[in-house]
A.B. asks: 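Mind looking over this structure? Questions follow.
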Amino acid sequence: MTAISSAVRSLGGDFPAEAFGRTYRLWSRVGDFSDLFTWDDLNQIIARHRLEPPRLRLFNDGSQIPQHCYAHPVVSKRHTVWHRIEPANLHHQLKDGASLVLDAVDALHPGVEDLVSALERHFRTDVQVNLYASWTPKEGFGVHWDDHDVVVVQLEGAKRWKLYGATRIDPLRVDTEAPEPPTGAPVAEVVLQAGDMLYLPRGWWHAVAATEGRSLHLTCGLKPATGADLLSWLSDQLRVSDTVRANLPYFASPDERTTYLQALRKEFADALHEGVIEEFINARGSADPGRPMPSLPFVDGIPADGSLCVRLTAAGAWYGVDEDGHVVFSAGGQEWTFSSPVLAVIKLLLAGSTATLGELSVSSGLPVGHVAALISELVEAGVAAVSRRR
């Protein structure tokens, strides 16, 4: 079992019912994450990418370090200004106690992207991974809270987490009030060793510091799906209703206003039926563009080459089977209807697999040319990608 599959398996079982959105959970020795992301990977990313703040930033004692302390401006021949990291000054800042943060590292590293894809399929929501590196026991950010749930994967070294719980239930990024800072001692203090994993619900205050020596960890942020999101989506769906589209009767009599509100209340009550949460999650997932990737050099359709590799790039894609047995596939805000043999192709791709056209042909019983034509449609829509290597 790979480290990624071990991580996702840990997030199953009794975790969704007993801990998710409720309390923290710590898993020890989940797997060997040492090859998931390494110091060499970090060095290569810093050297090869233009990482302007806030993509890459340094913090020390809760304050962000000015960029000029570790980078200098470069003007290209096209007069574009960007900042090149100065390794010597970067080393100095980190040795002096700064913590390094690299946002959205999943967009820069294939292995971390694989982790994100697995988590997105498991939680059915968008996930972004930030990387944190530190060399001293200083707390880089002080006591703070996040507006999303997090799954922390310790890659190397050890980190001490002081957990204070939430002072406001399920706070939002855009909210009516901000949570009050916690008072008193932390409710828990845990140390993550390499291979450990931690879950924190959104709103939980925490402070983090390396125990000794260097530390490298990934924080996977899970975008929440809230009641506010559901109601916002429903309000759009209900625009088909004459009652919802009607002008508010603010010049009408009290009786007419009462009649209107009763009709509006019924519209929303009917819309909040038993399966509406599943409908909303499916609709949100199928509208998500995911991580589009080109399929060069194939700009005019995919050839019937059984060795070509295919994968979906829209993590929220889903399918259903209609009353006639046809496969209805939704991804990236679009929908297709396929014949029943295509179901084997869709299932294999939705599992997160990268499969060859030949493998998809064997699993479905369809000729390679038919599978290539099907994949061409998905590539053209931007929800799948084809490459020569896995």
Side-chain angles (χ1 to χ4, degrees), residues 2-4 32-61 63-117 119 127-136 138 140-141 152-159 192 194-195 208-210 212-221 291-296 311 313 354 385 387-390:
T2 67
I4 291 177
D32 182 4
F33 297 117
S34 58
D35 291 333
L36 180 58
F37 189 94
T38 68
W39 294 106
D40 287 342
D41 294 331
L42 180 57
N43 291 332
Q44 292 292 332
I45 288 173
I46 293 175
R48 295 183 177 183
H49 293 270
R50 298 181 181 183
L51 303 171
E52 301 288 340
R55 190 66 180 276
L56 184 146
R57 56 199 189 277
L58 304 184
F59 283 84
N60 199 334
D61 282 335
S63 298
Q64 186 167 337
I65 297 173
Q67 188 181 29
H68 66 77
C69 294
Y70 57 91
H72 68 272
V74 174
V75 181
S76 73
K77 65 181 181 180
R78 294 181 175 84
H79 307 292
T80 300
V81 180
W82 61 284
H83 291 81
R84 175 178 286 137
I85 301 294
E86 299 170 344
N89 288 335
L90 176 67
H91 292 176
H92 173 75
Q93 293 294 337
L94 298 173
K95 181 180 178 181
D96 194 42
S99 293
L100 181 150
V101 186
L102 179 59
D103 277 6
V105 68
D106 48 288
L108 301 170
H109 187 272
V112 180
E113 183 182 12
D114 289 341
L115 172 63
V116 165
S117 297
L119 292 177
V127 177
Q128 176 180 306
V129 178
N130 295 348
L131 177 127
Y132 295 81
S134 58
W135 283 257
T136 71
K138 283 188 178 181
F141 308 95
V152 181
V153 176
Q154 189 69 29
L155 302 174
E156 182 179 316
K159 269 285 178 73
L192 264 65
V208 190
E212 58 182 40
R214 61 179 180 252
S215 168
L216 191 66
H217 79 262
L218 300 173
T219 294
C220 310
R291 293 173 172 78
M293 178 180 290
S295 297
L296 302 177
R311 69 179 180 90
T313 58
T354 296
S387 60
R388 296 191 185 278
R389 294 179 294 179
R390 289 185 187 269

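Just so you know, these numbers come straight off a predicted model, no measurement behind them.
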A.B. asks: With no hydrogens and no angle check, is any side-chain donor or acceptor of Arg311 less than 3.5 Å from a backbone partner on Arg390?
C.D. replies: no
A.B. asks: Any side-chain heavy atom of Leu42 within less than 4.5 Å of one from Val105?
C.D. replies: no
A.B. asks: Any chance you could measure Ile65, atom CD1, to Tyr70, atom OH, to the nearest 0.5 Å?
C.D. replies: 7.5 Å
A.B. asks: Show your working on side-chain contact (heavy atoms from CB on, under 4.5 Å) between Thr80 and Arg50 and close with a plain yes or no.
C.D. replies: CA-CA 12 Å; Thr80 300; Arg50 298 181 181 183; 4.2 Å; yes
A.B. asks: Considering all heavy atoms of both residues, which atom of Leu216 and which atom of Ala133 are nearest to each other, and what is their separation?
C.D. replies: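 Closest pair (atom of Leu216, atom of Ala133, distance): CD1-CB, 3.8 Å.
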A.B. asks: Drop me the distance from Leu296's CG to Arg388's CZ, to the nearest 0.5 angstrom.
C.D. replies: 11.0 Å
A.B. asks: Verify whether one side chain among Asp40 and Thr38 offers a donor that lies under 3.5 Å from an acceptor in the other.
C.D. replies: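 No.
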A.B. asks: Out of the candidates Val112, Asp106, Leu115, Val116, only one should pair with Cys220 under the side-chain contact (heavy atoms from CB on, under 4.5 Å) rule; please name it.
C.D. replies: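 Testing Cys220 for a side-chain contact (heavy atoms from CB on, under 4.5 Å) against Val112, Asp106, Leu115, Val116 leaves exactly one candidate, Leu115.
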A.B. asks: Please work out which of the three classes, parallel, tilted or perpendicular, describes the rings of Phe141 and Tyr132, given edges at 30° and 60°.
C.D. replies: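 Plane angle over 60°, so perpendicular.
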A.B. asks: Show the nearest heavy-atom pair for residues Ala210 and Ser215, with the distance to one decimal.
C.D. replies: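 So the minimum-distance heavy-atom pair works out to CB-CB, 4.1 Å.
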A.B. asks: Is a side-chain donor or acceptor of Glu52 paired with a backbone partner of His83 at a separation under 3.5 angstrom?
C.D. replies: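 Yes, the answer is positive, given that a donor and an acceptor are paired below the 3.5 Å cut-off.
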A.B. asks: Would a distance-only check, ignoring hydrogens and angles, find a side-chain to backbone donor-acceptor pair under 3.5 Å from Asn43 to Trp39?
C.D. replies: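 Checking the backbone N and O of Trp39 against the side chain of Asn43, a donor-acceptor pair under 3.5 Å is found.
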A.B. asks: Taking the side chain as every heavy atom from C-beta outward, state whether Leu51 and Ile45 have any pair of such atoms under 4.5 Å apart.
C.D. replies: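 When only atoms from C-beta onward are counted, Ile45 and Leu51 do touch, with a gap below 4.5 Å.
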A.B. asks: Quick check: do Phe37 and Val129 have side-chain heavy atoms less than 4.5 Å from each other?
C.D. replies: no
A.B. asks: So which heavy atom on Gln128 is nearest to which on Ala104, and how close?
C.D. replies: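 So the two residues come closest at NE2-N, 3.6 Å.
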A.B. asks: Arg55 side chain to Asp103 main-chain N or O, any donor-acceptor pair under 3.5 Å?
C.D. replies: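 Flag set: sc Arg55 to bb Asp103 pair under 3.5 Å.
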A.B. asks: Which distance, rounded to the nearest 0.5 Å, do you find between the CG of Leu94 and the CG of Asn89?
C.D. replies: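 Output value for this atom pair is 11.0 Å.
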A.B. asks: Are the side chains of Leu90 and Leu100 in touch, meaning some heavy atoms are under 4.5 Å apart?
C.D. replies: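 Yes; the side chains approach each other to less than 4.5 Å.
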A.B. asks: Pairing donors with acceptors under 3.5 angstrom, does anything connect the side chains of Ser117 and Asp114?
C.D. replies: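 No, because no side-chain N or O of Ser117 sits under 3.5 Å from a partner of the opposite role on Asp114.
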A.B. asks: Using side-chain heavy atoms (C-beta onward) and a distance below 4.5 Å, is Met293 in contact with Ser387?
C.D. replies: no
A.B. asks: Hey, could you give me the CG/CG distance between Leu102 and Leu131, rounded to the nearest 0.5 Å?
C.D. replies: 6.0 Å
A.B. asks: Is any side-chain heavy atom of His49 less than 4.5 Å from a side-chain heavy atom of Leu108?
C.D. replies: yes
A.B. asks: Write down the atom of Gln64, the atom of Pro53, and the distance for their closest heavy-atom approach.
C.D. replies: NE2-CB, 4.2 Å
A.B. asks: Which value, rounded to the nearest 0.5 Å, describes the distance between Asn130 atom CG and Leu218 atom CG?
C.D. replies: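 Taking CG in Asn130 and CG in Leu218, the distance rounds to 9.0 Å.
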A.B. asks: Spell out, as yes or no, whether a donor-acceptor pair under 3.5 Å connects the side chain of Gln154 to the backbone of Glu156.
C.D. replies: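 Checking the backbone N and O of Glu156 against the side chain of Gln154, a donor-acceptor pair under 3.5 Å is found.
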A.B. asks: Using atom types as modelled and distance alone, determine if a side-chain donor or acceptor of Ser134 lies under 3.5 Å from a backbone N or O of Thr136.
C.D. replies: no
